[in-house]
Amino acid sequence: YLVTEASDIHYVAQKNADWEQINRENMVKSLNTMQRLRKNFGFQRYQTDFGLQNKSEKLLTHFLENPEEILSTERLQSLQRVARYEEHQTWILSNKEAKNLLEKESGDITMHFEMPVYDPIFTIMSWYNNPYLVTHLYFEKLESIGIAFSKENVLVLFQEVKNTTESSD
């Protein structure tokens, strides 16, 4: 990482980049990192579930297209300032906002939304210092995970797996 003296460096998303490919690569990189960390801590790997993955992508798209449905005016303005690079900070969806976004979803799902995410691996490592996320990262029970990226935005869904059956892999 480049270190500069007395000046902020900020990232500007390239408009002509292949964002579909970049989003897919960031999702795979993130999932692999989280799976490796789970294994290192002696926990079961996250289950990957097409339905939960699809849900994460739909929720991310819905939130990015309709943030005013979830956020207060003040929080919406804060999100917009970060999105326009007027504020150089991480923006995270609050627990209450996450519950509002998830209100139509069935099952015991929790989520994390964060922006901007320029380096998924660095961001994931920082989550181990987040008191809210650490409960999922150190959660010993089996969970499914869905990770969606849209440019520099990430949304992660966690869902406890119930009634597991033996499978032959």
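Throughout, residue positions are numbered sequentially from 1 according to the sequence presented.
Contact between Arg38 and Leu137 at its shortest, heavy atoms only, is NH1-O, 3.3 Å. Nearest heavy atom pair, residue Leu52 against residue Gly146, reads CD2-N, 3.8 Å. Between Ile109 and Leu102, the shortest heavy-atom contact is O-CD1, 3.5 Å.
In this structure, the separation between NZ on Lys39 and CG on Leu37 is 12.0 Å, given to the nearest 0.5 Å. Annotation: the span from Leu93 atom CG to Met111 atom CE amounts to 5.0 Å, rounded to 0.5 Å. Of the inter-residue distances, the one linking Ile145 atom CD1 with Gln159 atom CD reads 12.0 Å to the nearest 0.5 angstrom. To the nearest 0.5 Å, atoms CG (Leu133) and OG (Ser126) are separated by 8.5 Å. A distance of 11.0 Å separates CG of Asn100 from CG of Asn95, quoted to the nearest 0.5 Å. Distance check, rounded to the nearest 0.5 Å: CD of Glu143 to CZ of Arg45 gives 14.5 Å.
For the pair Leu71/Gln77, no side-chain contact is recorded, criterion being any heavy-atom separation below 4.5 Å from C-beta on. Using a 4.5 Å heavy-atom cutoff, the side chains of Leu142 and Gln47 are in contact. Using a 4.5 Å cut-off on side-chain heavy atoms (C-beta onward), Asn26 and Val117 make no contact.
Considering only residues two or more places apart in sequence or on other chains, Tyr138 meets the ring-ring contact (aromatic ring centres under 6.0 Å, His included) condition with Phe41, Tyr128. Judged as a salt bridge (Lys or Arg N to Asp or Glu O under 4.0 Å), and not counting sequence neighbours, Glu114 has no contacts. Scanning for side chain to side chain contact (heavy atoms under 4.5 Å, CB included) contacts around Asp18 gives Glu20, Gln21, with sequence neighbours left out. A search for side chain to side chain donor-acceptor pair (under 3.5 Å) contacts involving Asn66 returns His62, not counting sequence neighbours. Residues forming a side chain to side chain contact (heavy atoms under 4.5 Å, CB included) with Ser30 (at least two apart in sequence, or on another chain): Pro120, Ile124, Ile147, Phe149. Contacts of Leu64 classified as side chain to side chain contact (heavy atoms under 4.5 Å, CB included), with partners at least two apart in sequence or in another chain: Leu60, Phe113, Ser150, Asn153. By the side chain to side chain contact (heavy atoms under 4.5 Å, CB included) test, Lys104 is found to be paired with no residue, residues two or more places apart in sequence or in another chain being considered. Among residues two or more places apart in sequence or in another chain, the side chain to side chain donor-acceptor pair (under 3.5 Å) test is passed with Ser78 by Trp91. Remark: Thr123 engages no residue in a side chain to side chain donor-acceptor pair (under 3.5 Å) (not counting sequence neighbours).
Within the structure, salt bridge (Lys or Arg N to Asp or Glu O under 4.0 Å) pairs that include any residue of residues 67-90 comprise Arg75-Glu97, Arg81-Glu87, Arg84-Glu86 (at least two apart or interchain). Listed by first then second residue, pairs satisfying salt bridge (Lys or Arg N to Asp or Glu O under 4.0 Å) with a partner in residues 46-58 read Lys55-Glu105, not counting sequence neighbours.
Note on Trp127 and Tyr46: same hydrophobic cluster, where clusters join Ile, Leu, Val, Met, Phe, Trp and Tyr whose side-chain heavy atoms are under 4.5 Å apart, directly or indirectly. Using a 4.5 Å cut-off between side-chain heavy atoms of Ile, Leu, Val, Met, Phe, Trp and Tyr, with links allowed through other members, Ile92 and Val156 fall into different hydrophobic clusters. A continuous path of Ile, Leu, Val, Met, Phe, Trp and Tyr side chains, each step under 4.5 Å between heavy atoms, connects Met27 with Phe158, placing both in one hydrophobic cluster. The hydrophobic cluster containing Met115 does not contain Tyr118, counting ILVMFWY residues as joined when their side-chain heavy atoms lie under 4.5 angstrom apart, directly or transitively. Two different hydrophobic clusters hold Phe43 and Leu157 under the rule that ILVMFWY side chains link at heavy-atom gaps under 4.5 Å.
Under a 3.5 Å cut-off, the side chain of Asn23 and the backbone N or O of Lys151 do form a donor-acceptor pair.
More than 12 heavy-atom neighbours from other residues, nucleotides or ligands sit within 6.0 angstrom of CD on Glu103.
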